Amino acid sequence: MTTRRVNPPELSPPAGFSHAVVAAGSRVVFLAGQTALDADGEVAGRTLPEQFEKALGNLLAALAAAGGTPADLARVTVYATDVADYRAHARELGRIWRDSAGRDYPAMAVVGVVRLWDEQAMVELDGFAVLP
């Protein structure tokens, strides 16, 4: 697969995402929304950063099982029950992302939601990847 991150100079400089990702490959993997559920189906973590780290780990585990790597991610959407809290933890969440997925950022969006399927969940990530 080849990917090219596109960040036009006339747009605000991206921090922790790419404005566009051009991907060419032969397989598209659609990743279901992942929260901080552990193997027993319980929400792990009491803080947003703890839950974000687990949810991202779950997303990357699903991607790896499908044969992909974090660099193959073309798009990720983050659903947060408290966008102000998400923004307040942005630096820490960025560090968690870089430690887990590197610096090849996909196109991303953060969407505020009233609640998620599991009432204790604060964040959910979904997306898609393009594999060679």
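Keep in mind that the numbers below use all heavy atoms, side chains included, and drop hydrogens, waters and symmetry copies. Small disclaimer: the values here were computed from a predicted structure and weren't measured.
By the rule that hydrophobic residues join a cluster once side-chain heavy atoms approach within less than 4.5 Å of another member, Val76 and Leu131 end up as members of one cluster. Cluster annotation: Val123 and Met108 are assigned to the same hydrophobic cluster (Ile/Leu/Val/Met/Phe/Trp/Tyr, side-chain heavy-atom contacts under 4.5 Å, transitive). Residues Leu73 and Val21 are members of separate hydrophobic clusters, defined by side-chain heavy-atom contacts under 4.5 angstrom among Ile, Leu, Val, Met, Phe, Trp and Tyr. Note: the hydrophobic cluster containing Tyr79 does not contain Val43 (ILVMFWY, side chain heavy atoms under 4.5 Å, direct or indirect links). By the rule that hydrophobic residues join a cluster once side-chain heavy atoms approach within less than 4.5 Å of another member, Leu31 and Leu125 end up as members of one cluster.
Arg98 pairs by the side chain to side chain donor-acceptor pair (under 3.5 Å) definition with nothing, not counting sequence neighbours. Scored by the side chain to side chain donor-acceptor pair (under 3.5 Å) test, Tyr86 finds no partners at all (sequence neighbours excluded).
Contact record, Pro106 with Trp97: CD-CZ2, 3.6 Å, taken as the closest heavy-atom pair. A pairwise comparison of heavy atoms in Asp104 and Arg5 identifies O-NH2, 3.0 Å as the closest pair. Of all the heavy atoms in Ala66 and Val29, the pair that sits closest is CB-CG1, 3.8 Å. Shortest non-hydrogen contact noted between Arg27 and Pro132 is NE-O, 3.5 Å. Shown here for Pro70 and Ser100, the closest heavy-atom pair between the two residues is CG-O, 4.1 Å. The two atoms that bring Val130 and Ala24 nearest to each other are CG1-C, 4.0 Å, heavy atoms only.
Residues Trp117 and Glu119 have side chains not in contact (no heavy-atom distance under 4.5 Å, counting atoms from C-beta outward). With a 4.5 Å cut-off on side-chain heavy atoms, Leu93 and Pro49 count as touching.
In terms of modelled atom types and a separation under 3.5 Å, the side chain of Gln51 and the main chain of Gln120 share a donor-acceptor contact. Checking side-chain atoms of Glu50 against main-chain N and O of Arg46 turns up a donor-acceptor pair under 3.5 Å. Formation of a donor-acceptor pair under 3.5 Å by the Glu92 side chain with backbone atoms of His89 is not found in this model. Side-chain atoms of Asp99 never come within 3.5 Å of backbone atoms of Ile96 as a donor-acceptor pair (strictly under, hydrogens ignored). Remark: the backbone N or O of Tyr105 is paired with a side-chain donor or acceptor of Ser18 at under 3.5 angstrom. The closest donor-acceptor contact from the side chain of Asp38 to the backbone of Asp40 lies under 3.5 Å.
Here the CD atom belonging to Glu124 is positioned 11.0 Å from the OG1 atom belonging to Thr81, to the nearest 0.5 angstrom. Taking CZ from Phe17 and CZ from Arg75, the interatomic distance works out to 10.5 Å, rounded to the nearest 0.5 Å.
Arg91 CZ: 12 or fewer foreign heavy atoms inside a 6.0 Å radius.
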Contacts table for residues 53-62: side-chain donor-acceptor under 3.5 angstrom, sequence neighbours left out:
unit_1: Asn58; atom_1: ND2; unit_2: Thr35; atom_2: O; d: 2.8
unit_1: Asn58; atom_1: ND2; unit_2: Leu37; atom_2: O; d: 3.0

